[in-house]
Amino acid sequence: MEYQQEEIMAKPFDWKIMKRLLTYAKPYWFYILIGVIAILLVTVSNLLRPYLVQQAIDNYINNPHISKEQAIQGVIRIGSLYIVIITVAFLINYGQVYLIQYTGQKIIFNLRQQIFEHLQKLSLSFFDRNPVGRLVTRVTNDTDTLNEMYTSVITNLFNDVFIIAGIVIAMVSYNLKLAFIALSTTPLILTGMYIYRKLASQAYRLVRVRLARINAFLSEHISGMKIVQLFVTENKKMEEFKKINKEYYDANMRQLTIFAIFRPSMDVIYSLTLALLIWYGGRDIIAGKIEFGVLYAFVNYLQQLFQPIFDISEKYDILQSAMASAERIFILLDTKEEVKDPENPIPLEEVKGKIEFKNVWFSYNGKEWVLKDVSFEVNPGETVAFVGATGAGKTSIINLLCRFYDIQKGEILIDGIDIRKVRQQDLRKHIGIVLQDVFLFTGDIKSNIRLNNKNITDNDIYRVAKYVNAHQFIKKLPEGYNSKVTERGSTLSAGQRQLLAFARALAFNPKILVLDEATANIDTETERLIQDALEKLTKGRTTLVIAHRLSTIQHADKIIVLHKGRIREIGTHQELLQKKGLYYNLYMLQYKDQLSESKIS
Ligand SMILES: Nc1ncnc2c1ncn2[C@@H]1O[C@H](COP(=O)(O)OP(=O)(O)OP(=O)(O)O)[C@@H](O)[C@H]1O
Ligand SMILES: [Mg+2]
């Protein structure tokens, strides 16, 4: 399955991806530089602290050669210096954290903008292939993971490198033998980290794959809850969910177990090293070879040295998720739009509204032809209706007219200009569409008619709503034109949504109007309203209507009958009835239904 593949592909670390990630940080290099310098200063203060304590112990506290007064004064001096250093380090640290977080948020903000901008450019076929949930994750979760990487991993990396280098230098300059002992367990640590890395990345991928599975299952079943409840499949779904939930749990437990073994093993190595240090260091103190403060400093440095090692598992996790997220984001950003604007577009300011399809062949997937050799002509101002069984290719014709997809063979012309020679936006500007399933955005009625176009005034909205008969139902809503509409408009009936869509199409006053009639049953009253609105809408515009109720289209200038992607009949209602072909049969079928309905009532 696709969601599994996408989770598996990421490598734990990939220089190419890292390089590209760093390019996003480039505009902020100055902030990052300051941040790194700040980290360096904080590290120096961390290294200074054991040194100061060592000085206090060996020069004053544990020094038999000076007086009590001198000792106390010395301790106070070093103590004050210690306080000054930790205060300054605190302030620097605060500034550093703020700066780096700020930079991270900035980078991620830009990235989110870039991804959304790119998404809007992609062709519809891309959205046919990619589920919504996945794309949302790209913009939200995946960018967040990157933020964590920029802020915690990159800075910590500097911190760790500085700290380790500083400690090694400090240790060596204090005492070569003790330094050697403190670092003697390094091969053990490296081996442990190597094994951990191997196991952890496998476990991590398993967790991700199974989480993706849970996500996919949930989003599908929450959107489809109505069907689940309607068909009483709750128990079966529960079982299915239990299975994938258990798998996810197992994967998590596996990851935790690996971590649970790693962390304590490092603890053991740490304790072992500490014991060695005290063993040899203690003997040297007794033998008078070193002073007590030096041993103290070593013990302290050892603890600081192990901190990055303890933290590494966490950072490794972040780095790994970041690589996976980055790879997915980059794949998305690298996806090219399939329908491209021409290099030298022909401007299309005004159109008369002539539409021609010339021997158009089209397939969505490159396998089956959905439209085969389709040719027709619509003159400016004419109304043409398409009829045909479900799946005949009616909606596809509209998709092609708006150039949501490119055709494989033939030509589509508007006012004699091939639509591939104009910019997609210029083309769509002239076409108003009422789609088969009307989509409403979260907001209110007004914003759904206006769609953020500031040129459309409130008065325009009332005018068009009245014109298309939407006004009656809108004014009955609790807050009239300001009534809230939820996602997809599920609080309105299908007929109401259709009227609203008419208002929306009319508000933009397009030269070409396309109506894809909803198949849903609509009561006779609403049907009458829609019918009436339609008649007004089509005036002075080239109109393509896809009708399921043949009563809608009897007045059309031309009716085109599609059958399995081919045009089978063209003519007016009367001509086609006389022909006694496909249209005649369709009409008789519906007519019979209507007759029996009217008999019942
Ligand atoms: N986005 C798509 N990707 C792949 N195939 C598609 C897509 N949309 C439609 N099809 C296929 O193209 C064919 C024609 O579909 P189309 O939507 O044009 O039919 P239609 O005539 O509008 O049907 P209906 O009356 O049910 O709306 C169908 O076989 C359908 O499976
Ligand atoms: Mg359709």
Side-chain angles (χ1 to χ4, degrees), residues 2 119 122-135 223 335 337-339 355 357 359-376 378 383-410 412 419 424 428 431-439 488 494-495 497-498 501-502 505 512-522 527 530 534 543-553 556 558-570 576 581-583 585-587 589-590 593:
E2 254 196 327
L119 275 177
L122 287 174
S123 308
L124 275 196
S125 49
F126 173 81
F127 297 97
D128 292 343
R129 288 193 307 268
N130 291 280
V132 182
R134 187 187 300 171
L135 300 177
S223 349
T335 310
E337 68 267 34
E338 276 151 58
V339 177
I355 300 169
F357 271 55
N359 309 97
V360 169
W361 289 76
F362 171 67
S363 160
Y364 284 102
N365 52 16
K367 286 183 205 128
E368 308 104 39
W369 292 112
V370 169
L371 293 180
K372 299 168 203 154
D373 202 21
V374 168
S375 302
F376 62 87
V378 189
T383 298
V384 169
F386 291 88
V387 295
T390 180
K394 304 179 295 291
T395 304
S396 306
I397 288 188
I398 296 179
N399 285 341
L400 296 181
L401 178 66
C402 302
R403 208 171 161 225
F404 285 134
Y405 302 86
D406 266 339
I407 54 175
Q408 277 83 3
K409 278 190 260 180
I412 299 174
I419 58 169
Q424 293 166 60
R428 291 176 195 148
I431 307 175
I433 304 197
V434 178
L435 286 176
Q436 207 162 8
D437 44 348
V438 176
F439 191 91
R488 274 181 269 183
R497 286 203 291 265
Q498 187 111 53
F502 283 174
I512 298 169
L513 189 68
V514 179
L515 304 167
D516 200 345
E517 192 183 68
T519 1
N521 282 320
I522 287 169
E527 170 149 15
I530 291 181
L534 253 176
T543 313
L544 305 187
V545 192
I546 296 175
H548 292 274
R549 287 181 299 270
L550 301 185
S551 56
T552 331
I553 51 162
K558 221 186 273 173
I559 295 172
I560 297 177
V561 184
L562 274 175
H563 186 68
K564 294 191 179 152
R566 271 185 200 281
I567 293 184
R568 297 285 292 267
E569 294 170 2
I570 298 186
L576 291 180
L582 280 172
Y583 183 78
N585 290 335
L586 275 172
Y587 185 75
L589 272 174
Q590 288 201 355
D593 284 349

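Both ligands and their constituent atoms are indexed starting at 1 by order of listing.
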Verify the distance test for Ser396 against the Mg ion (ligand 2): any N/O/S atom under 2.8 Å, yes or no. no

Minimum non-hydrogen distance to atom 23 (O) of ligand 1, winning option of Gly391, Ser125, Ser396: Gly391

Which is it for Tyr364 and Ser396 under the side-chain contact (heavy atoms from CB on, under 4.5 Å) test, yes or no, and what are the steps along the way? CA-CA 9 Å; Tyr364 284 102; Ser396 306; 3.0 Å; yes

Which of the atoms in ligand 1, numbered in the order shown and given with their element, are less than 4.0 Å from a heavy-atom of Ala392? 19 (O), 21 (O)

Given Phe386, Tyr405, Tyr364, which has its nearest heavy atom closest to atom 7 (C) of ligand 1? Tyr364

Quick one: pull up CD1 in Ile433 and CG in Asp516 and give me the separation to the nearest 0.5 Å. 9.0 Å

Heavy-atom contacts under 4.0 Å between Asp128 and ligand 1: side chain, backbone, both, or neither? side chain

Just which atoms of ligand 1 are under 4.0 Å from any heavy atom in Thr390? 23 (O), 24 (P), 25 (O), 26 (O)

Gly388 versus ligand 1: do any nitrogen or oxygen atoms come within less than 3.5 Å of each other? no

Is there a nitrogen or oxygen of Val370 sitting under 3.5 Å from a nitrogen or oxygen of ligand 1? no

Hey, does the side chain of Arg428 reach the backbone of Arg403 with a donor-acceptor pair shorter than 3.5 angstrom? yes

I would like to know whether Phe362 and Val374 meet side-chain contact (heavy atoms from CB on, under 4.5 Å); could you show each step before the answer? CA-CA 9 Å; Phe362 171 67; Val374 168; over 6 Å; no

Is it the case that the side chain of Lys394 and the backbone of Gly388 share a donor-acceptor pair, with hydrogens and angles ignored and the cut-off at 3.5 Å? yes

Check against side-chain contact (heavy atoms from CB on, under 4.5 Å), Tyr405 and Asp128: CA-CA 11 Å; Tyr405 302 86; Asp128 292 343; 2.6 Å; yes

